[in-house]
There are 2 protein chains.
Amino acid sequence: MHHPPRLDAFDRKILAILQQDNTTPQRTIGEAVNLSAPAVQRRIKRMTEDGVIRANVAIVDPAAVGQSITLFVEVEVISETAEHIEAAKRAFAATPEIQQCYYVTGEADFILVVTVPVMADYEALTRRLFFGNNNVKRFRTFVAMDRVKVGLGVVVDG
Amino acid sequence: MHHPPRLDAFDRKILAILQQDNTTPQRTIGEAVNLSAPAVQRRIKRMTEDGVIRANVAIVDPAAVGQSITLFVEVEVISETAEHIEAAKRAFAATPEIQQCYYVTGEADFILVVTVPVMADYEALTRRLFFGNNNVKRFRTFVAMDRVKVGLGVVVDG
DNA sequence: CTTCGTTTGCAAGTTTGTTTCGTCTGGAGC
DNA sequence: GCTCCAGACGAAACAAACTTGCAAACGAAG
């Protein structure tokens, strides 16, 4: 994370491609954006160092590994002191079943995305995380029936 | 998606690595799991064909490309007929600002994860998607103050 | 006009991914 | 028990991709 990220049109086009498939050869990317492969490589390297590209990962189908249930949880806490919030963040971040955790404004304080193999696992999780934590005022659960659209891609044309 | 996905301990270890960094050389993976590089390559290929690995993508920092606001939206619809639900799914899936969309049970029907550069863009989005759609009964918005944990990784130890 | 800094393309060098091939193991059928 | 066959493995050869060095083009500042 050295430089303030300033991205030109080339960078944005490259990002758009890598967000869809980061196994695309640099030579192919170069043809798509009208740049040589080394130029593409240097830009990718720079964006990686600058933190624009946070990670390169394989997306695994949850159902294929037995994590067939996706849940949303709105969590409301009692005390919002810095220490309590930080403790909650750490606990959520450290829980592998929690795929995503956001600290939000509104009627809830945290929103979680959870994946588990069977409901019993979620029940166990609620006991451990919520009922076992006396700073949790209440939580509401939504069960996903259909994962209509799932991704972390962001709009890059800017 | 040919075979029914049957994953052994090797496959799961490989998946765990690729979920964190899919640029890891196959030789390195092989050393980590006690397998030769070609064996790793064959397993990755098989899992990709079987749909266990859905995609290989770069994760881009939303803030770096100007999408600094993340929002959650609970949407409640009026009519839940199949046609209305399918129409809604299609509309949400086709909206680039909507990163994730789930059809859920509970007090809401859809949960959306949205990223936009500034609040005005979200306001425009609500006008277009919600106020401009007379099947939307109501919606609730949560603004993310902190992206505590973001990812699509799933527990793979099975 | 010159200089410095940046970025590019090309070409060589290095690393990584892929294919080939021979071997081994486990199971079905004789 | 024996043979045969299918599947999976590792070693090595091979192909493709990535990475680096270097000279040239371009722009901004002096």
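Quick caveat, the model's predicted, so the values are computed rather than measured. In what follows, chains carry the letters A, B, and so on, assigned in the order in which the sequence lines appear, proteins first and then strands, with residues in each chain numbered from 1.
Salt bridge B:Arg27/B:Glu31: absent, no basic N to carboxylate O contact under 4.0 Å. Remark: A:Lys89 engages A:Glu86 in a salt bridge, criterion side-chain N to carboxylate O under 4.0 Å. Checked for salt-bridge contact, B:Asp8 and B:Arg43 meet the test: a charged N lies under 4.0 Å from a carboxylate O.
Taking every heavy atom of residues 20-34 of chain A and every atom of DNA chain C, no pair lies under 4.0 Å.
Residue B:Arg43 has no polar side-chain atom (N or O) positioned under 4.0 Å from OP1 or OP2 of D:dA8.
B:Ile44 has its CD1 atom 12 Å from the P atom of D:dC9, to the nearest Å. If you take CZ of B:Phe10 and P of D:dA8, they are 13 Å apart, rounded to a whole angstrom. In this structure, CZ of B:Arg46 is placed 17 Å from C1' of C:dT18, rounded to the nearest angstrom. As rounded to whole Å, 12 Å separates atom P of D:dC18 from atom CG of A:Asn56. The interatomic distance linking A:Leu35 (CG) with C:dC10 (P) rounds to 11 Å, in whole Å.
Interatomic distance, CZ of A:Phe72 versus CD of A:Gln100, reported as 7.0 Å (0.5 Å rounding).
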I would like to know whether B:Arg6 and B:Asp50 meet salt bridge (Lys or Arg N to Asp or Glu O under 4.0 Å); could you show each step before the answer?
CA-CA 10 Å; B:Arg6 206 177 72 262; B:Asp50 292 353; over 6 Å; no
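A donor-acceptor contact under 3.5 angstrom links the side-chain atoms of A:Arg42 to the base of C:dG9.
A heavy-atom distance below 4.5 Å is found between the side chains of A:Leu125 and A:Val114.
Which of D:dT19, C:dT8, D:dG10 sits closest to the side chain of A:Pro38 comes down to D:dT19. Among D:dT20, D:dG10, C:dT19, the nucleotide with an atom closest to any side-chain atom of B:Gln41 is C:dT19.
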